[in-house]
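The model shown is predicted, which means the values in this text are computed figures rather than measured ones. If you read the sequence from its start, that first residue is 1, and numbering goes on from there.
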Amino acid sequence: MLVKSNEQLLVVLDNLLREPQNFWDGFYDQTFRNVPFFVNKPDENLVSYFEKKVIQPNRALELGCGAGRNAIYLAKQGCSVVGVTYRIMHCNGRKKGLMKQT
């Protein structure tokens, strides 16, 4: 297949990289499990990088951001953040929380 546009490239990458939707739907329907990325706080490594000044506020793109726990932390540190997830329920569920935190 010859890719002739950005849109076609995104479709090709989507088809190559996306896990089956049923897997992710089942995975995120189990957010009650005691798993680190289901908690409402940023990844401890990310926090450590900011505390040690390994990284400074800048632009950030978080792919697969889920409910946005790391994207929210990055924004609070002064970053300009774009978070991308394919599960719309995460985005809708976080709108109220995001508005309260900004």
Side-chain angles (χ1 to χ4, degrees):
M1 171 181 193
L2 178 61
V3 176
K4 297 181 180 181
S5 69
N6 288 342
E7 185 61 35
Q8 287 178 345
L9 176 60
L10 293 174
V11 169
V12 169
L13 291 173
D14 245 6
N15 290 334
L16 289 174
L17 302 175
R18 180 175 287 165
E19 292 288 332
Q21 184 172 350
N22 291 338
F23 170 80
W24 291 113
D25 287 346
F27 182 79
Y28 281 106
D29 285 341
Q30 298 180 38
T31 56
F32 59 86
R33 295 183 306 173
N34 188 17
V35 179
F37 41 83
F38 288 155
V39 297
N40 194 18
K41 63 181 183 176
D43 180 86
E44 63 274 1
N45 294 306
L46 180 62
V47 173
S48 172
Y49 297 152
F50 269 97
E51 289 174 349
K52 295 176 182 176
K53 303 210 184 301
V54 173
I55 55 177
Q56 301 292 320
N58 207 326
R59 293 177 293 180
L61 171 62
E62 185 183 7
L63 301 174
C65 69
R69 66 191 183 102
N70 292 319
I72 292 168
Y73 177 79
L74 288 166
K76 286 181 174 182
Q77 302 310 305
C79 295
S80 174
V81 183
V82 173
V84 179
T85 190
Y86 95 100
R87 297 254 358 233
I88 193 71
M89 68 174 262
H90 293 301
C91 296
N92 289 336
R94 291 296 292 174
K95 281 182 186 175
K96 291 179 184 173
L98 288 172
M99 289 179 185
K100 288 179 186 174
Q101 294 179 40
T102 56

Peer 1: Compare every heavy atom of Gly83 with every heavy atom of Cys65, then report the nearest pair and how far apart it is.
Peer 2: SG-C, 3.6 Å
Peer 1: Between Asp43 (side chain only) and Asn70 (backbone N and O only), is there a donor and an acceptor less than 3.5 Å apart?
Peer 2: no
Peer 1: Given the rule that I, L, V, M, F, W and Y join up when any side-chain heavy atoms are under 4.5 Å apart, are Tyr49 and Leu74 in one cluster?
Peer 2: yes
Peer 1: I'd like to know whether CG of Asn6 has more than 12 heavy-atom contacts from other residues, nucleotides or ligands below 6.0 angstrom.
Peer 2: no
Peer 1: Verify the cluster assignment for Val54 and Val47: are they in a single hydrophobic cluster under the rule of side-chain heavy atoms below 4.5 Å apart?
Peer 2: yes
Peer 1: Starting from the C-alpha separation in whole Å, work towards a yes-or-no answer on side chain to side chain contact (heavy atoms under 4.5 Å, CB included) for Leu46 and Ile55.
Peer 2: CA-CA 9 Å; Leu46 180 62; Ile55 55 177; 4.0 Å; yes
Peer 1: Over all heavy atoms of both residues, which pair between Arg69 and Lys41 is shortest? Give the atoms and the distance, please.
Peer 2: NH1-O, 2.8 Å
Peer 1: When you measure from the side chain of Gln77 to the backbone of Pro57, do you find a donor-acceptor pair of N or O atoms at a distance under 3.5 Å?
Peer 2: no
Peer 1: Do Cys79 and Phe50 have side chains that approach each other closer than 4.5 Å (heavy atoms only, starting at C-beta)?
Peer 2: yes
